[in-house]
There are 2 protein chains.
Amino acid sequence: MDSVAVENYLKSIWELGPDDVATQDLAQLLNVAPASATKMVQRLTERGLVKHIPYKGASLTSEGRRRALSVVRRHRLLETFLAQTLDLGREQLHDEAERLEHALSTELETAIANYLGNPERDPHGHPIPGPNGELLIDEDILLSDCSLNQSLVVTQVPDRDPNLLTWLEGNGIFPGTKLKIISRDDFGGGINVSLDDSSVQIAISVASEVYVILETD
Amino acid sequence: MDSVAVENYLKSIWELGPDDVATQDLAQLLNVAPASATKMVQRLTERGLVKHIPYKGASLTSEGRRRALSVVRRHRLLETFLAQTLDLGREQLHDEAERLEHALSTELETAIANYLGNPERDPHGHPIPGPNGELLIDEDILLSDCSLNQSLVVTQVPDRDPNLLTWLEGNGIFPGTKLKIISRDDFGGGINVSLDDSSVQIAISVASEVYVILETD
DNA sequence: TATAAAGTTTAGCCTTGGCTAAAAATATAA
DNA sequence: TTATATTTTTAGCCAAGGCTAAACTTTATA
Ligand SMILES: [Mn+2]
Ligand SMILES: [Mn+2]
Ligand SMILES: [Mn+2]
Ligand SMILES: [Mn+2]
């Protein structure tokens, strides 16, 4: 069984990947010093889970990817399970799952998946990898890349920052929300979107973490 | 925050206590070498969580006890939560809780407790400590210590051994079961109990892990 | 009561996963 | 194209939590 640290590194490399994951980015995501990340990347390379080209970057081997996706699956199943049973706010889920994901047996993972009816997405709209690492390919696009006046539906919101998530939620923006960009304020640094019965200004930095699809109906 | 190892040691000392916990017993319960247990007991003494009299035994300080009970609370809440939501068998609960107990925030602990309606006992009949370490005092007695033909109700079964638990369950013995000792077979090494519509022979070693009360009605 | 056995602690070692400071490589700018 | 920043790696250190083997206490036995 991989240690908590190993599981976190694999998942982070997956999140930053697929290729040339920079030591610095990895270190920052995991809150460790760059030297620590280098060392762990070397250990994982030794174990055959990572491929590392010094001074260039790291990437997962197929076994590394398999294990990373297993962690991601547990994480997203847990978020979904906690959201469904207890009712925690969407913004509380991530941090809990971040710790619980390392303590789930395969049996419990399966029991939770069955209980939930093998869901395809977690409460943030992120696809849940299958038990063998099958991952839905999303064809959604960034809100920040959309044109004016298209009818859009939110598919995914970021899950790491509780404050951001609370703000989005408070403005009615979460997976399933229908919206439309009504103007871009390039110098004001944001876009204006209209929802069913309100409108909000969203910073580009935020809009480039929200995924949407074109409304089809 | 205490590490996983520290939490496990504190909980184990509590389980073996309250006084003069032997190095060997601690080591065995935790699956480590006696020397490892000694060293950790010394570190915990240094931290003010344990009192250690060399060659005599270890015990918890009040702060150590507080933290141990916090782990026990999380463990038992988790067992109850898993039993209630997913339906795992009573024998699967313990091992899962054993790992999850270290990954629960206070917020999630509270959310689970509220969801469950602040239960007093877990699925094995073990009392769940309150959020500040208040612990119900049980006045139940060992099945192995009871006389013949008393009307008894099972209150607690052991939770560590899945096979034992499966056997008990299969014979209809779990918290709430009404039974009566109909004979003791001192040389056969067991007691015979009758249930509602069956009877079973139970080894003394098993009967001395099952708690009961006299039926009051 | 002397000796053997059992239990406990000490000594010394190891791996994991952190850290800082310095060196080396790569990227950027002058 | 050379000098400067930036990024990455190496070197050396540390604490936690394991281990085995040897020394020391305590307990049991003859
Ligand atoms: Mn998440
Ligand atoms: Mn998520
Ligand atoms: Mn248990
Ligand atoms: Mn229990």
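Residue numbers start from 1 in every chain, and the chains themselves are labelled A, B, ... in the order their sequence lines are given, proteins ahead of strands. Computed from a predicted model, the values in this text were never measured in an experiment. For the numbers below, each heavy atom of this structure counts, side chains included, while hydrogens, waters and symmetry mates do not.
D/dT6 atom P lies 23 Å from atom NZ of A/Lys56, rounded to whole Å. Atom-to-atom, NE2 of A/His52 to P of D/dT8 comes out at 9 Å; the value is rounded to the nearest Å. Residue B/Gln28 contributes atom CD, which lies 16 Å from atom P of C/dA6 at whole-angstrom precision. B/Gln42 places its CD atom 15 Å from the C1' atom of D/dG18, with the value rounded to the nearest Å.
Between the side chain of A/Arg90 and the backbone N or O of A/Leu165, no donor-acceptor pair lies under 3.5 Å. Although no hydrogens or angles enter the test, the distance criterion places no donor-acceptor pair under 3.5 Å between the side chain of B/Arg99 and the main chain of A/His102.
Interatomic distance, A/Glu63 CD to A/Leu10 CG, rounded to the nearest 0.5 Å: 9.5 Å. For the atom pair OG1 of B/Thr80 and CG of B/Leu116, the computed distance is 6.0 Å after rounding to the nearest 0.5 Å.
Residues B/Ile53 and A/Tyr55 each lie close to DNA chain C; by heavy-atom proximity, the contact nearer the 5' end of the strand is made by B/Ile53.
For DNA chain C, the residues of residues 15-26 of chain B within the heavy-atom distance limit of 4.0 Å (strictly under) are B/Ala22, B/Thr23, B/Gln24, sorted by number.
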| message | Could you walk me through whether A/Arg43 and A/Glu46 satisfy the salt bridge (Lys or Arg N to Asp or Glu O under 4.0 Å) test, starting with their C-alpha distance in whole Å, then the side-chain angles of each, then the deciding distance to 0.1 Å, before giving a yes or no? | response | CA-CA 5 Å; A/Arg43 268 201 295 263; A/Glu46 205 56 45; over 6 Å; no
Scan nucleotides 15-19 of chain C against the protein and return all N/O pairs shorter than 3.5 Å with their distances rounded to 0.1 Å.
unit_1: C/dG17; atom_1: OP1; unit_2: A/Ser3; atom_2: OG; d: 2.5
unit_1: C/dG18; atom_1: OP2; unit_2: A/Tyr9; atom_2: OH; d: 3.4
unit_1: C/dG18; atom_1: O6; unit_2: A/Lys39; atom_2: NZ; d: 2.4
unit_1: C/dC19; atom_1: OP2; unit_2: A/Ala33; atom_2: N; d: 2.7
unit_1: C/dC19; atom_1: OP2; unit_2: A/Ser36; atom_2: OG; d: 2.6

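Test B/Glu7, B/Glu101, B/Glu98 against B/Arg74 for salt bridge (charged side-chain N to carboxylate O under 4.0 Å, His left out) and you get one pass: B/Glu7.
The two atoms that bring B/Trp14 and B/Ala68 nearest to each other are CB-CB, 3.8 Å, heavy atoms only.
Applying the side chain to side chain donor-acceptor pair (under 3.5 Å) test to residues at least two apart or on different chains, the pairs with a partner in residues 128-143 of chain A are A/Arg121-A/Asp138, A/Asp138-A/Gln156, A/Asp140-A/Thr155, A/Asp140-A/Gln156.
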